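Below, chains carry the letters A, B, ... as their sequence lines are ordered, and counting in each starts from 1. No experiment lies behind these values; they were computed from the predicted model shown.
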2 protein chains.
Amino acid sequence: MRVRLEDVARAASVSPKTVSRVLNDEANVSDATRKRVRAAMEAMDYRPHPSARSLAGNRSFLVAMLYDNNDNPASTYLAEIQDGVLEACDAHRYSMMVRPLRMRSDDFIRRLDALISDHHPDGVVLTPPITDYAPLLKRLRERDVPYASVSPQSGGGIGVSMDEQAAARAIVEHLLALGHRRIAHVVGIADHGASRWRLAGYREAMAAAGLPEDPALVVQGAFTFGSGVTAARELFALQQRPTAVFAANDDMATGVMWAAGEYGLKVPHDLSVCGFDDTPLARQLWPALTTIQQPSREMGRIAAQQLLGVLRGRGPGELVQVPFALQIRGSTARAP
Amino acid sequence: MRVRLEDVARAASVSPKTVSRVLNDEANVSDATRKRVRAAMEAMDYRPHPSARSLAGNRSFLVAMLYDNNDNPASTYLAEIQDGVLEACDAHRYSMMVRPLRMRSDDFIRRLDALISDHHPDGVVLTPPITDYAPLLKRLRERDVPYASVSPQSGGGIGVSMDEQAAARAIVEHLLALGHRRIAHVVGIADHGASRWRLAGYREAMAAAGLPEDPALVVQGAFTFGSGVTAARELFALQQRPTAVFAANDDMATGVMWAAGEYGLKVPHDLSVCGFDDTPLARQLWPALTTIQQPSREMGRIAAQQLLGVLRGRGPGELVQVPFALQIRGSTARAP
DNA sequence: ATGAAAGCGCTAACAC
DNA sequence: GTGTTAGCGCTTTCAT
C-alpha cells in the first residue's frame, strides 16, 4: 500500500504537521526532529502525493514551458531548452509540461487562459519569440503567474539571455579579418529579438570597419531554409556580388549555400557563408558552417532555475547573461 | 472566485454527484438532466480542478511520454512525435509530461519507478528505442501502468507502426530501377528495430533482384553523421566501390555525402545516396536526399489515441499501421 | 435516475 | 518548536 504522510508521522512519533514542515523545508522544526523525520521518510520510501499537496496547498508544483510552434526556431533549439528546463524542474521536484501556442492566432490569450485554468501552473518559462509578446506578458501578470524568459528583448524580467549583438559583431569581424568587404546580411523575421540584435551587430561591425551601409546587401529572410535561398538569389543577381554572407541563422545560411551551388559559386573559395545557432546541421554540411554557438540547454536550465527561485521564495531572481562561442569552420575563408 | 462543481450543481438544481457523472460521461443520467448540467457548466465556464479529481478518483489524467536522450533518434523526430501525443492528450483533456530516460543506464528502472511513484501517470507512450526494452515493459506491467508504443519491434501491444521493411525494400528497388547493382547499406545501431527492419528490407530487395549478398557492402553505423562518414570511407576504399549507398537514416546518409566530397565523388553523378526518415535536413542538402517519409506527428497522435482509448475504457486498443512515402530527390540518379 | 455522507492525502490557520 | 482542527474540490460507496 501507499505510504502516507500520516504513516511517516507515526513512525517518527511526531504529528503530521511536523512531517509536512520537514517536507516543505519550513522553519520551526528542531534539527533533531527534522533528522528523525527525514530518516523515517527515507526508510519508508515516502513519496508525497502531488495531487493532495496541490489541492491542500493551493499550488501545483508545475512549471509550463510555452513555445510557438508556428514560426518557431529550429526544433533542436527548443528540444535543448526543454531538456534544460526539465533538468532544473526535476532537481526541485517540480513537474514540467510543454505547451505549443500560436502567437499569430487570435485565440492565443484564450488558450493561455485555458492552460492556466485547467492546469494551474505555478509559473511558466517563455521561449523566443513569445518571450516578447506583450499581450501574453500582460495576461500573465494580470493572472499573477510568475514567468522567466529565454532571450527576452526587454531587460525588465528574470531569465537568461546572451549578448547576441556582440556575437553577431564577432562573426562579422571574423569575416572582415579574412579580408571581406562586401559582406551581406540575411535578416530573420522582423519583430524577433534575434533578428534585431543580429542585424544591429552586423551594422555595428561594418560601421566600425569604416564601411558605409549598402542597403542592397541587407535582405529580408524569415529564418527558413527557403527564405535563405531566395535571399541569396537576390544577392547573387547584384552587379557587385558580396564575397561573404552572414545569415541570421543556420537554416538560412544553408539556403545560401544551396543557392551558391545553383550559381556555380564554390563555398568558401568564391563565397564565405556563416550562420547563427550552431544547430547539428551546421557540422553536417559540407563545408561545415562557421556559426555562433548558444548554450541552449544551459539557458533553459538557468531560466527555469530563476523561475523556481521565485516560486520557492528564494528572492526576486535575475536576468542571467551567458557567453557565446564563435565556431569557425570550413564555410568561411579569405576573400577571393 | 473559482467555480466549483458544487456551484454548477446548485445552478442546475441537481446534486454534486450528478454533475460529477456528467463530467465523467457516466451512465444513469437522463438526457434532460445531462443537457441542463452541460449548459450550466458552459455558462459558468466551469473547470474541474485536476488535483481534486485525481485525489478523489485515484487517477491523474496524466500521460507520460518516455524517450531515450542518450542514443536517441533525431530531435526533430521526437519533437514531432511529442506534438502528436500532445494533440491527442489535449483533445481528451489529459495532460502530458515528457521524461528523458537513459536506456543504457543502470538506474533506468529506479528512475522509472520514481516517475511512477512521484507523478502517477495513468499511462505512458514509449518511443524508439525504449519501445523494445524488455525490463521496462516488464516493470510497467508489474506496476499496472498501461502503455502504447511508437514503432515497437514485437506485435503484442498497442500503438502505431510503419512497415519499415517494405519502405526499405521500396527505396532499394528505386535504386535497382536506376540500374544500380553494387548497392551498399549502412546499418544503424544493432539492436534497434529500425536497423533490423531496414537491413531486412535491403536484403529482401537485393535477393529478389537476384543479387547475391556481398558482405563488404553492408557496414555498421550508429545512426550518427560521424558514423556515416566512417562507414562511407570504408566503402569507398573497396576495390569495387558501390555505385549507390542506402543509409539507414538521413544523418548517416549526410555523412556518406560528406565522405563522397572528400573522395571527389559527385552525388548523384558518381554515387547515388539515400536515407530514411525525411528529416528537414534531407531537403536542405544539396543535392536533396532521396529518403522515406514517416508521418511522425501522426504516429505520435495515434499512439496516444490508442492509449487514451484504453484509459477511458473504450476497448483494448490496437497496433495501427501507417503508410510511408518514398521521397525521390536529387541524390539518386542512374548508375554511372 | 438521483442524492447523502464519507474521505482521498495533504496543508492552512490557529492553538499551545 | 509542535500539535489540533478543519478543510481543499472532487469521487466513492451506498442509499433511495
*Near DNA chain D, which residues from residues 52-62 of chain B have a heavy atom under 4.0 Å away?*
Ala52(B), Arg53(B), Ala56(B), Gly57(B)
*First and last nucleotide of DNA chain C, 5' to 3', lying under 4.0 Å from heavy atoms of chain A*: dG9(C) to dA13(C)
_Pair Asp191(B) + Arg104(B), salt bridge at N-O below 4.0 Å_ = yes
*Keeping the roles fixed (side chain from Thr127(A), backbone from Val150(A)), state whether a donor-acceptor pair exists under 3.5 Å.*
no
*asked:* Apply side-chain contact (heavy atoms from CB on, under 4.5 Å) to residues Leu126(B) and Asp132(B) and explain how you reach the verdict.
replied: CA-CA 9 Å; Leu126(B) 305 176; Asp132(B) 302 303; over 6 Å; no
*Can any side-chain N or O of Arg59(A) pair as donor or acceptor with the backbone N or O of Gly57(A) at less than 3.5 Å?*
no
*Would Arg38(A) and Asp25(A) pass as an ion pair if we require N to O under 4.0 Å?*
yes
*Could you verify whether a donor N or O on one side chain and an acceptor N or O on the other, from Gln82(B) and Gln82(A), lie under 3.5 Å apart?*
yes
_Check whether Arg47(B) reaches the backbone of Asp118(A) with its side chain - one donor and one acceptor, N or O, closer than 3.5 Å._
no
*dC8(D) P sits how many Å from Leu5(B) CG, rounded?*
13 Å
*Report yes or no: does Thr131(A) contribute a side-chain atom to a donor-acceptor pair with the main-chain N or O of Ser151(A) at less than 3.5 Å?*
no
Identify each atom pair where a protein N or O and an N or O of nucleotides 3-6 of chain D are less than 3.5 Å apart, giving names and distance.
from	atom 1	to	atom 2	distance (Å)
dG3(D)	OP2	Ser15(A)	N	2.8
dG3(D)	OP2	Ser15(A)	OG	3.0
dG3(D)	OP2	Thr18(A)	OG1	2.7
dG3(D)	N7	Arg21(A)	NH2	2.9

*Hey, can you pull the residues of residues 25-49 of chain A with a non-hydrogen atom under 4.0 angstrom from DNA chain C?*
Tyr46(A), Pro48(A), His49(A)
*asked:* Going by the rule salt bridge (Lys or Arg N to Asp or Glu O under 4.0 Å), which residues pair with Arg99(A) if we only count those two or more places apart in sequence or in a different chain?
replied: Asp90(B)
*Please identify each residue that fulfils salt bridge (Lys or Arg N to Asp or Glu O under 4.0 Å) with Glu6(B), with sequence neighbours left out.*
Arg4(B), Arg10(B)
*If you round to the nearest 0.5 Å, how far is CD1 of Ile81(A) from CE of Met299(A)?*
6.0 Å
*Does Ser20(B) use its side chain to pair, donor to acceptor, with the backbone of Pro16(B) at less than 3.5 Å?*
no
